[in-house]
There are 2 protein chains.
Amino acid sequence: MKSDTWLKELRKQGYRLTEARRAVVETVAQSPRALSPTDVYNLSKEHYPALGLVTVYRTLEKLEELHLVQRVHQEEGCNAYLSEAEGHQHLLICTECKKAVYFEGDDLGDFFGKVGEMHNFVVNDHWLQLFGICEDCKRIYD
Amino acid sequence: MKSDTWLKELRKQGYRLTEARRAVVETVAQSPRALSPTDVYNLSKEHYPALGLVTVYRTLEKLEELHLVQRVHQEEGCNAYLSEAEGHQHLLICTECKKAVYFEGDDLGDFFGKVGEMHNFVVNDHWLQLFGICEDCKRIYD
DNA sequence: TCCTTATTGAAAACAATTTTCATTTATCGG
DNA sequence: CCGATAAATGAAAATTGTTTTCAATAAGGA
Ligand SMILES: [Mn+2]
Ligand SMILES: [Mn+2]
Ligand SMILES: [Zn+2]
Ligand SMILES: [Zn+2]
């Protein structure tokens with residue numbers, strides 16, 4: 001289970017395992033879409049009603065530092081967190097249900113380097129996201 | 001001058017031309033980098049000290065509606081506005097001085113379509129930004 | 001020049017996030 | 001198993017960024 005790996009990693013970093021953290025980790029680790037702090041709060045409260053929103057912020061911050069989650073930027077907002085993929089990947093997001101899927105695409109590196117050269121830049125990072133409609137939503141909204 | 005074009009466009013939409021608007025438009029139109037509302041406020045005040053921050057927000061909102069500026073997302077924040085390019089373009093941003101340059105790259109559309117297919121998504125938009133170091137900053141920081 | 005009404009800036013309201021702090025509790029050493 | 005200790009918690013306050021409200025101002029058509 002992904003949440004167990006995350007908890008183990010938190011422990012390895014010297015952090016303590018609390019009920020609050022377990023609840024937050026559980027929620028984020030198994031979510032198919034990026035969640036805002038408030039989303040995480042509301043969902044996690046079902047497992048641990050005493051949870052405070054502050055703790056959600058603090059836990060997300062740590063998970064991000066450990067590269068277990070990443071922030072996702074969308075039109076609707078830029079403070080949603082998603083389980084991070086292994087290695088360098090890019091996102092494909094359904095604009096209806098917000099489901100997020102990772103894909104690789106590193107054939108692009110060369111092209112990006114050339115674009116940089118043309119403008120006398122040294123390119124050392126890139127940011128790529130695709131938006132569309134997923135299979136399930138296609139079925140529903142057609 | 002780009003700011004004159006923008007003012008003309010505002011006028012065409014029935015908006016009035018005020019000193020406050022002129023100052024904001026001037027600032028944003030000639031900036032080589034994306035500016036936050038506060039940036040715009042501080043820079044514009046030099047030309048029009050009576051300016052209020054509210055007016056900056058309101059003017060940026062209108063410029064965005066008219067597609068004269070676009071919001072730019074970066075690690076440091078997602079509320080910076082930049083003069084928009086003609087047609088569909090992508091951004092190359094210097095992480096040192098924040099200078100932004102547009103480039104075309106629509107050879108990518110096919111690839112993005114294929115990625116979508118592989119995941120049973122219909123892809124209808126994408127978001128691509130490159131980050132690097134521009135010529136000037138390279139010179140300074142090396 | 002006058003009239004109408006869009007636009008303005010100050011102040012208040014609101015929302016999201018961070019800080020502060022007294023209390024609780026996870027972990028460690030015995 | 002205890003405690004002891006320091007990390008972690010949640011409530012409340014503070015801070016920050018943005019929007020709304022509103023009375024005063026001024027742009028632009030007549
Ligand atoms: Mn890549
Ligand atoms: Mn494109
Ligand atoms: Zn963003
Ligand atoms: Zn969907």
Side-chain angles (χ1 to χ4, degrees), chain A residues 3-4 6-28 34-66 69 71-81, chain B residues 3-4 6-28 34-66 69 71-81:
Chain A
S3 59
D4 292 331
W6 291 15
L7 292 171
K8 208 169 290 173
E9 184 59 28
L10 283 168
R11 198 74 260 286
K12 202 196 302 184
Q13 299 297 320
Y15 295 118
R16 295 180 180 177
L17 298 187
T18 65
E19 276 310 295
R21 269 174 194 165
R22 276 184 235 275
V24 168
V25 162
E26 170 65 23
T27 298
V28 181
L35 301 174
S36 71
T38 312
D39 290 339
V40 174
Y41 178 65
N42 291 326
L43 290 166
S44 304
K45 265 174 98 78
E46 296 187 13
H47 294 287
Y48 183 64
L51 182 65
L53 180 55
V54 216
T55 298
V56 172
Y57 278 96
R58 292 191 276 224
T59 305
L60 288 174
E61 191 179 25
K62 289 186 174 59
L63 293 176
E64 191 178 20
E65 278 165 16
L66 300 180
V69 304
R71 254 178 91 189
V72 175
H73 299 252
Q74 292 169 261
E75 284 302 335
E76 315 83 58
C78 303
N79 292 296
Y81 293 80
Chain B
S3 60
D4 292 332
W6 291 14
L7 292 171
K8 207 169 290 172
E9 185 58 28
L10 284 167
R11 196 76 262 287
K12 203 198 301 186
Q13 300 296 320
Y15 294 118
R16 294 180 182 178
L17 298 187
T18 67
E19 276 310 296
R21 267 173 196 165
R22 278 185 234 275
V24 169
V25 162
E26 170 66 23
T27 297
V28 181
L35 300 173
S36 71
T38 311
D39 290 339
V40 174
Y41 178 64
N42 291 326
L43 290 166
S44 304
K45 265 173 100 76
E46 298 188 13
H47 294 287
Y48 183 63
L51 182 66
L53 180 56
V54 216
T55 299
V56 172
Y57 276 98
R58 292 191 277 224
T59 305
L60 287 174
E61 192 178 24
K62 287 183 176 62
L63 293 176
E64 190 178 19
E65 278 166 16
L66 300 180
V69 304
R71 253 178 91 189
V72 175
H73 299 253
Q74 291 170 261
E75 285 301 336
E76 314 84 56
C78 303
N79 291 296
Y81 292 81

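In what follows, chains carry the letters A, B, and so on, assigned in the order in which the sequence lines appear, proteins first and then strands, with residues in each chain numbered from 1.
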Determine: side-chain N/O of [X] to OP1/OP2 of [N], distance under 4.0 Å, yes or no.
X     : N      : result
A/R21 : C/dA26 : no
A/N79 : C/dA16 : no
B/T18 : C/dT8  : yes

Check the distance between [N]'s [atom2] and [X]'s [atom1] and give it to me in whole angstrom.
X     : N      : atom1 : atom2 : result
B/Q13 : D/dG28 : CD    : C1'   : 17 Å
B/L17 : D/dG28 : CG    : C1'   : 10 Å
A/D39 : C/dA15 : CG    : C1'   : 15 Å
B/L7  : D/dA27 : CG    : P     : 14 Å
B/Y57 : C/dT8  : OH    : C1'   : 17 Å
B/R16 : C/dT8  : CZ    : C1'   : 11 Å
A/L51 : C/dT25 : CG    : P     : 14 Å
B/L60 : D/dT18 : CG    : P     : 10 Å

Rounded distance [0.5 Å steps], [atom1] in [X] versus [atom2] in [Y]:
X     : Y     : atom1 : atom2 : answer
A/K12 : A/L66 : NZ    : CG    : 10.0 Å
A/R21 : A/Y48 : CZ    : OH    : 12.0 Å
A/L63 : A/Y15 : CG    : OH    : 10.0 Å

- Note on the structure: 5'-most contact on DNA chain D (nearest-nucleotide basis), B/R58 vs B/R22, goes to B/R58
- Message: Does atom CD (B/E75) have a neighbourhood of more than 12 heavy atoms from anything else shown, all under 6.0 Å?
- Response: no
- Note on the structure: Testing C/dA11, D/dG10, C/dT17 for proximity to the side chain of A/Y48, the answer is D/dG10
